[in-house]
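The analysis underlying the following values was restricted to heavy atoms, covering all of them including side chains, and did not include hydrogens, waters or symmetry mates. All residue numbers in this chain count up from 1 along the given sequence.
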Amino acid sequence: MKSKSTETKPSIVFCHGIWADGSCFSKVIPTLQAEGHQVIAAQYGLDTLAGDVATVNHTLGRVSRPSILVGHSYGGSVITAAGTDDRVAGLVYIAALAPDADETSQSQQEKFPVTDVFAHVEVVDGRVWMLPDGVESFAGDLSEQEKKVVWATHFAPAADLFTQKLDGVAWRSKPSSYIMATNDRTVQPELQRFLAKRMGATTHEVASSHVPMLSHPELVIDVIRAAAKAVQEAMAKA
């Protein structure tokens with residue numbers, strides 16, 4: 001007889017990037033819920049990396065274990081640190097950053113050409129806001145209505161957020177998948193390719209803007225399904 005732990009599907013915890021909140025995963029959450037996963041999006045404030053990781057750790061306590069962390073963009077930096085938690089069994093990166101021990105979100109990007117989106121930002125009151133015309137560089141393959149919603153729900157990070165770092169590199173010890181957006185104008189595709197190769201991730205390329213979970217939700221769902229299946233199979237063998 002199988003134990004309850006091997007019959008339970010992994011929970012899924014989503015971690016958003018900057019200029020976003022948990023609603024950016026709205027096209028993938030319902031399907032995963034319908035398939036029996038406990039799903040929750042960590043809603044953090046983009047004030048400090050330590051604070052955002054702490055929020056993810058608290059959120060892990062609200063769902064069953066083991067969990068898979070799914071990080072988009074800056075959310076990749078978040079899951080890289082938060083993923084060292086024993087409750088986390090796998091990682092999925094979506095057009096995401098993935099710092100090593102000696103790197104920050106910013107230092108990774110500085111090794112590659114600056115992307116278009118950063119010509120469309122404004123720093124006000126210590127926060128980095130995306131201007132309305134920046135949505136084209138962020139989510140250019142969405143409909144005009146969807147792009148307006150993306151901008152309306154975006155939130156600005158603290159100006160120094162990308163220079164902060166934490167100890168812990170989860171992708172060195174946890175199985176990882178990476179969704180690379182080849183038409184990305186926010187995080188350089190070549191940076192994504194480098195990061196995916198460095199972590200030895202199972203990599204999936206898609207001709208997408210920076211938001212594959214909105215422009216290609218079925219692919220994102222498939223990648224998360226595969227990661228969850230791998231965790232379940234590992235649990236069954238344990």
**Request:** For the pair Gln192 (side chain) and Ala181 (backbone), establish whether a donor and an acceptor sit closer than 3.5 Å, ignoring hydrogens and angles.
**Result:** yes
**Message:** side-chain hydrogen bond (donor to acceptor under 3.5 Å, both in side chains), that's the test. Do Thr163 and Thr104 meet it? Break it down for me.
**Reply:** CA-CA 6 Å; Thr163 63; Thr104 65; over 6 Å; no
Do [X] and [Y] touch side chain to side chain, with heavy atoms closer than 4.5 Å?
X: Leu195; Y: Trp171; result: no
X: Phe25; Y: Leu32; result: no
X: Ile29; Y: Lys27; result: no
X: Gln109; Y: Phe162; result: yes
X: Ile18; Y: Val128; result: no
X: Pro10; Y: His37; result: yes
X: Ile94; Y: His204; result: no
X: Leu60; Y: Leu69; result: yes

Donor-acceptor pair between [X] and [Y] side chains, under 3.5 angstrom:
X: Ser105; Y: Ser77; value: yes
X: Ser67; Y: Ser11; value: yes
X: Thr153; Y: Asp21; value: no
X: Tyr44; Y: Thr59; value: no

Enclosure of [X] [atom1] (heavy-atom neighbours >12, cutoff 6.0 Å):
X: Asp125; atom1: CG; result: no
X: Arg62; atom1: CZ; result: no
X: Lys148; atom1: NZ; result: no

**Request:** Step by step, work out the side chain to side chain contact (heavy atoms under 4.5 Å, CB included) result for Trp129 and Phe155.
**Result:** CA-CA 7 Å; Trp129 296 91; Phe155 184 59; 4.3 Å; yes
Looking at [Y] and [X], is any side-chain nitrogen of the basic one under 4.0 Å from a carboxylate oxygen of the acidic one?
X: Asp133; Y: Lys147; result: no
X: Asp100; Y: Arg172; result: yes
X: Asp85; Y: Arg87; result: yes

**Item:** Distance (rounded to the nearest 0.5 Å) between His120 NE2 and Arg185 CZ
**Value:** 7.0 Å
**Prompt:** At what distance, to the nearest 0.5 angstrom, does CG of Asp184 lie from CG of Asp116?
**Reply:**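 Going from the CG atom of Asp184 to the CG atom of Asp116 covers 10.0 Å.
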I need the minimum non-hydrogen distance between [X] and [Y], along with the two atoms involved.
X: Ser177; Y: Val223; value: CB-CG1, 3.9 Å
X: Met199; Y: Ser176; value: SD-CB, 3.7 Å
X: Val70; Y: Ile12; value: CG2-CG2, 3.8 Å

**Request:** Apply the test side-chain hydrogen bond (donor to acceptor under 3.5 Å, both in side chains) to residues Ser73 and His210: give CA-CA distance (whole Å), side-chain angles for both, the deciding distance (0.1 Å), then the verdict.
**Result:** CA-CA 8 Å; Ser73 193; His210 188 54; 2.9 Å; yes
**Request:** Step by step, work out the side chain to side chain contact (heavy atoms under 4.5 Å, CB included) result for Leu142 and Ser215.
**Result:** CA-CA 6 Å; Leu142 301 184; Ser215 60; 3.8 Å; yes
